[in-house]
Amino acid sequence: MGHLDHATFGWLTPVLSYAMACIGAALGLRCTVRALGATGRSRRNWLLTAASAIGTGIWTMHFVAMLGFGVSGTDIRYDVPLTVLSLLVAMVVVCAGVFAVGYGRDRTRALLLGGLTTGLGVASMHYLGMAAVRLHGDITYDPVRVGLSVLIAVVAATAALWAALHTTSPVAVTVASLVMGAAVSSMHYTGMFAVSVRVTPSGTTLPGATAMQFIFPLAVGLGSYLFLTSAFVALSPTSGERGASASAQGHDERGTQPGERSGTGGRPARTA
């Protein structure tokens, strides 16, 4: 039985992965709040941004944490297609949940359906990512802990979507994102503690890519996407700010006389 180490770099990977989950959740919640105050194409675009942010944050959290995963007696590689597929799964299922909340007429039903769909999708992403692990040996899972991790994922997803519907202030969104980050991290490590590995020593080369060859560059790229999108959202005016600006412009136009707009100071033009 191989010895599993979930933090080969100490507290670096757990803390960094938690931070990525929080950033993705905070950005997704802010975008969802913007979407609920918008209509038409603008609402759709905000919801797409929210889904990509939450999905990216969850996936990045998982694989940043996996950078610290090690098993004594064997190297670890990752199947590239399966790893990319896990990212796509995270994006698609979170998108389905966010759109269910954003367009659902019955908010309670949409919340429960979206939370269940998103939670199961997040769990699928996690275990699909684990299926991409290649090592000398066999991986088995404790079914009770697996079930607990899935339950945590569903509860966390439902809580995140509820927060998207009921939190509007930046402070509330920050608190909700910290809670969401903790829930996602708890789901990940509960699933990882369900893992057991029976190592079979072998001198053959494992297929796939190492974490530093593939996962680290991809995680850095997705993390950069989160930071850049966060800056865009922070600088983008809210619907209230746009409404206030339009109202102020309309007031200025109504309060300006035609002569003043023509630059004659309001006096009739002199004729020769």
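The first residue of the sequence shown is numbered 1, and numbering continues consecutively from there.
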Enquirer: Could you check whether any side-chain heavy atom of Leu27 comes within less than 4.5 Å of a side-chain heavy atom of Thr229, counting everything from C-beta outward?
Expert: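 Leu27 reaches Thr229 side chain to side chain.
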Enquirer: Mind checking ring-ring contact (aromatic ring centres under 6.0 Å, His included) for Tyr127 and listing every partner two or more places apart, or none if nothing turns up?
Expert: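 Tyr127 satisfies ring-ring contact (aromatic ring centres under 6.0 Å, His included) with Tyr141 only.
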Enquirer: Among pairs that include at least one residue of residues 82-108, which meet ring-ring contact (aromatic ring centres under 6.0 Å, His included), considering only residues two or more places apart or in two chains?
Expert: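 Listed by first then second residue: Phe99-Tyr103.
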Enquirer: With sequence neighbours left out, what residues match Tyr78 under ring-ring contact (aromatic ring centres under 6.0 Å, His included)?
Expert: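 ring-ring contact (aromatic ring centres under 6.0 Å, His included) check on Tyr78 returns nothing, list empty.
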Enquirer: Got a sec, which residues hit side chain to side chain contact (heavy atoms under 4.5 Å, CB included) with Ala157, two or more places apart in sequence or on another chain?
Expert: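 Applying side chain to side chain contact (heavy atoms under 4.5 Å, CB included) to Ala157 gives Thr118.
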Enquirer: Is there any salt bridge (charged side-chain N to carboxylate O under 4.0 Å, His left out) pair reaching into residues 64-88, and which pairs are they, with sequence neighbours excluded?
Expert: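 Applying salt bridge (charged side-chain N to carboxylate O under 4.0 Å, His left out) to every pair that reaches into residues 64-88, excluding sequence neighbours, yields Asp79-Arg134.
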Enquirer: Contact between Arg198 and Thr140 at the side-chain level, heavy atoms closer than 4.5 Å - yes or no?
Expert: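 They are not in side-chain contact.
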Enquirer: Is any side-chain heavy atom of Leu228 less than 4.5 Å from a side-chain heavy atom of Leu226?
Expert: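 Leu228 does not reach Leu226 side chain to side chain.
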Enquirer: Can you tell me how far SG of Cys95 sits from CG of Leu88, rounded to the nearest 0.5 angstrom?
Expert: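 Between atom CG of Leu88 and atom SG of Cys95 there are 12.5 Å.
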Enquirer: If you measure only the distance, is there a donor-acceptor pair under 3.5 Å linking the side chains of Trp59 and Ser86?
Expert: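 Yes, Ser86 and Trp59 have a side-chain donor paired with an acceptor closer than 3.5 Å.
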Enquirer: Do Leu178 and Tyr18 touch side chain to side chain, with heavy atoms closer than 4.5 Å?
Expert: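 Yes, side chains in contact.
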Enquirer: My understanding is that only residues two or more places apart in sequence, or in another chain, count here; which of them pass salt bridge (charged side-chain N to carboxylate O under 4.0 Å, His left out) with Asp142?
Expert: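 Asp142: salt bridge (charged side-chain N to carboxylate O under 4.0 Å, His left out) contacts with Arg145.
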Enquirer: Could you check if a side-chain atom of Leu111 sits within less than 4.5 angstrom of a side-chain atom of Thr158, using non-hydrogen atoms only?
Expert: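 With C-beta onward as the side chain, the pair touches.
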Enquirer: Considering only heavy atoms from C-beta outward, does the side chain of Phe69 approach that of Leu4 to under 4.5 Å?
Expert: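 They are in side-chain contact.
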